[in-house]
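Taking it in order: structure first as structure tokens, then the write-up.
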Number of protein chains: 2
Amino acid sequence: MTNKANLNNLTKSEEDYLKALFQLLIEDNSEKVGNNQLAEYLKVSPASTNNMIKKLKTKNYVVSEKYGKLELTDEGRAIAVRLIRKHRLWETFLYNYLNFSWDEVHEVAEQLEHIKSYKLIDELDRFMDFPEKDPHGELIPNAKGEYKVIPKITLSSLVEGDVCKLVAVNDGSVNFLRFVSEIGLALSSEIKVLEVREFDKSIRIQFNDTVETVTRKFADNVFVKVV
Amino acid sequence: MTNKANLNNLTKSEEDYLKALFQLLIEDNSEKVGNNQLAEYLKVSPASTNNMIKKLKTKNYVVSEKYGKLELTDEGRAIAVRLIRKHRLWETFLYNYLNFSWDEVHEVAEQLEHIKSYKLIDELDRFMDFPEKDPHGELIPNAKGEYKVIPKITLSSLVEGDVCKLVAVNDGSVNFLRFVSEIGLALSSEIKVLEVREFDKSIRIQFNDTVETVTRKFADNVFVKVV
DNA sequence: TAAAAAAGTTAGTCATGACTAACAAAGCAA
DNA sequence: TTGCTTTGTTAGTCATGACTAACTTTTTTA
């Protein structure tokens, strides 16, 4: 009945914490991630985080000294990468095959990423012919657990006259994603920075013959590659 | 962030109990389902079942008098049917698109049936072009929650000379399913009963030019339609 | 129909993973 | 360097959903 190969004995919560820690450490490139920061990211109390970190340390997924910064072991990191692989593959499936929109995929993928079955995810990968990127433009880790990030900077770091291509968007907020598609931006859109207003850092951009003014907050969540 | 339409506020456990109760009541056609019977079916203690039934009664999914038999309310039944719909659609997807075998689909579908998203399941249904039956031959309830059973009897109820068609198999045991495919039986196979041995009720059957002797226990789990 | 067996219930315990409140250690600023 | 603020930790509580052990009600059968 039970296929050992599918069981890594982690609860949904344990997985959530490991993935969150990975995202703070590696994706956000923070050089120090502390207990409270992780708590805030996961929207739980610092006490809960402390508790779970203790547990993950005994299981050898996390390393940290008392009052020190949090780090992932190779095994903890591998689990997080697998979760991200699963999340992005499911997002791709929902988007490409099940008519889900950009802003709808995340919530359901958050549930699907916890399904335990190696075969399921590798077959899904094969079924979609090994997609490289998810619908938000992020690279999908392969079955070997190789994690890569595409070189990208935020739109807000550009200056007047720069021309760039949209390569990815932050998938953390449904409202943001909805707005991105509403104004007509999509992956690979070519964007030209017309003006950066000093007093509030808002930016006038042009794409597909459309001109829009976006806030600094918006531009922080749009990832581009200068062309 | 949260789409109310996707949330029915039931935990995985609550869902498991409702589905189990439905399966005992309707699929096994029992006229009385008791607390201990449900406990045994779910492989938990009678105390656990009692506890959960109490909870499901306050939520109006289950009705029963003290020391009386268990029954589902319309709402409880609707939830169970939705779970069965999800389970069978996922099984169909795994079998038809992801190279899962008969005996592998159940375990993963048990997890997938708890994913909360109406859109997900209705789109999956559309993607597969509204399949009628799951890989084991059972009918898939539609989006309106209509539950039907195909007329079927067990192979063990036949007598010498009967000819029948395999319409479904009990999906409860991996070993059984594996054995069914090993000997070469598949849905729609035409089976002829050559001999019923009185002393141990074992049956000699013929199908696709193969002759096999199967036990009574085996024949109890094979569902057929006399032709 | 009375005793035994089976079925159902209750009380109390445990692990998980949340929480608050209180406290301790680090880090920063005056 | 002495406070003050931020960060981290501990203790104790709660809900969920398991469990065992003990008890009660119902059903069976001798």
Side-chain angles (χ1 to χ4, degrees), chain A residues 1-2 7-21 24-25 28 30-59 61-72 76 79 83 110-111 113-114 116, chain B residues 1-2 7-21 24-25 28 30-59 61-72 76 79 83 110-111 113-114 116:
Chain A
M1 172 105 193
T2 36
L7 301 174
N8 54 18
N9 286 330
L10 288 179
T11 64
K12 179 184 176 305
S13 284
E14 290 171 329
E15 289 188 341
D16 285 336
Y17 277 90
L18 287 175
K19 188 180 152 208
L21 190 49
L24 288 171
L25 280 169
D28 290 1
S30 318
E31 68 179 46
K32 178 184 186 283
V33 173
N35 187 73
N36 290 14
Q37 193 186 347
L38 182 59
E40 200 191 353
Y41 185 83
L42 282 166
K43 299 192 193 342
V44 295
S45 69
S48 299
T49 309
N50 199 275
N51 213 43
M52 179 58 88
I53 288 297
K54 222 178 260 177
K55 188 178 166 192
L56 293 172
K57 282 164 79 170
T58 72
K59 292 197 176 189
Y61 297 131
V62 171
V63 182
S64 81
E65 282 172 23
K66 214 172 176 180
Y67 297 101
K69 64 185 210 279
L70 305 170
E71 285 178 292
L72 283 165
I79 289 165
L83 286 166
E110 280 291 303
Q111 297 180 63
E113 75 189 14
H114 296 292
K116 288 179 177 16
Chain B
M1 172 104 193
T2 37
L7 300 174
N8 55 17
N9 285 330
L10 288 179
T11 64
K12 179 184 177 306
S13 284
E14 290 171 327
E15 290 188 339
D16 285 337
Y17 277 91
L18 288 175
K19 187 180 153 208
L21 190 48
L24 287 172
L25 280 169
D28 289 2
S30 316
E31 69 178 46
K32 178 183 187 282
V33 173
N35 186 73
N36 290 15
Q37 192 185 348
L38 182 58
E40 198 191 353
Y41 185 83
L42 282 165
K43 298 192 193 343
V44 295
S45 69
S48 299
T49 308
N50 198 275
N51 213 43
M52 179 59 87
I53 288 297
K54 222 179 260 176
K55 189 177 165 194
L56 293 173
K57 282 165 77 170
T58 71
K59 292 198 175 187
Y61 297 132
V62 170
V63 182
S64 80
E65 285 173 20
K66 213 171 178 182
Y67 297 102
K69 63 185 209 279
L70 304 171
E71 284 177 294
L72 283 165
I79 289 165
L83 285 167
E110 280 291 304
Q111 299 179 61
E113 73 188 15
H114 295 292
K116 289 179 178 9

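Chain letters run A, B, ... following the sequence lines, proteins first and then strands; every chain starts at 1.
Annotation: B:Lys69, atom NZ; neighbour count of heavy atoms from other residues, nucleotides and ligands within 6.0 Å does not exceed 12.
For A:Thr49 and D:dG8, the shortest distance from a side-chain N or O to OP1 or OP2 is not below 4.0 Å. Residue A:Ser45 places at least one side-chain N or O closer than 4.0 Å to OP1 or OP2 of C:dC19. For D:dT16, the OP1/OP2 oxygens have no side-chain nitrogen or oxygen of B:Thr11 closer than 4.0 Å. Regarding contacts with the backbone of C:dA18, a side-chain N or O of A:Ser13 is found under 4.0 angstrom from either OP1 or OP2.
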Going 5' to 3' through nucleotides 7-13 of chain C and flagging B where a protein heavy-atom sits under 4.0 Å of the base, S where only the sugar-phosphate is that close, and - otherwise, we get BBBBB--
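Between B:Asp16 and B:Leu42, the shortest heavy-atom distance links the atoms O-CD2, 4.0 Å. Listed here is the closest heavy atom pair of A:Leu83 and A:Glu15: CD1-O, 3.4 Å. B:Asn36 and B:Pro46 get closest at one heavy-atom pair: OD1-CB, 3.6 Å. Of all non-hydrogen atoms in B:Leu24 and B:Tyr41, the two that sit nearest each other are CD2-CD1, 3.7 Å.
A:Ile53 has its CD1 atom 14 Å from the C1' atom of C:dG17, to the nearest Å. In this structure, A:Glu14 places its CD atom 14 Å from C1' of C:dA18, rounding to the nearest Å. Between A:Leu38 atom CG and D:dT7 atom P the separation is 14 Å, expressed in whole Å. The CG-C1' distance, from B:Asn9 to D:dT16, rounds to 15 Å in whole Å. Atom CG of A:Leu42 and atom P of C:dA18 are 9 Å apart (whole Å). Nucleotide D:dT9 holds its C1' atom 13 Å from the CG atom of A:Leu70, rounded to whole Å. B:Tyr17 places its OH atom 14 Å from the P atom of D:dT16, with the value rounded to the nearest Å.
The listed nucleotides are C:dT16, D:dA18, D:dG17; the one nearest the side chain of B:Val44 is D:dA18.
A:Leu56 places none of its side-chain heavy atoms less than 4.5 Å from the side chain of A:Leu21.
Remark: the backbone N or O of B:His114 is not paired with any side-chain donor or acceptor of B:Lys12 at under 3.5 angstrom.
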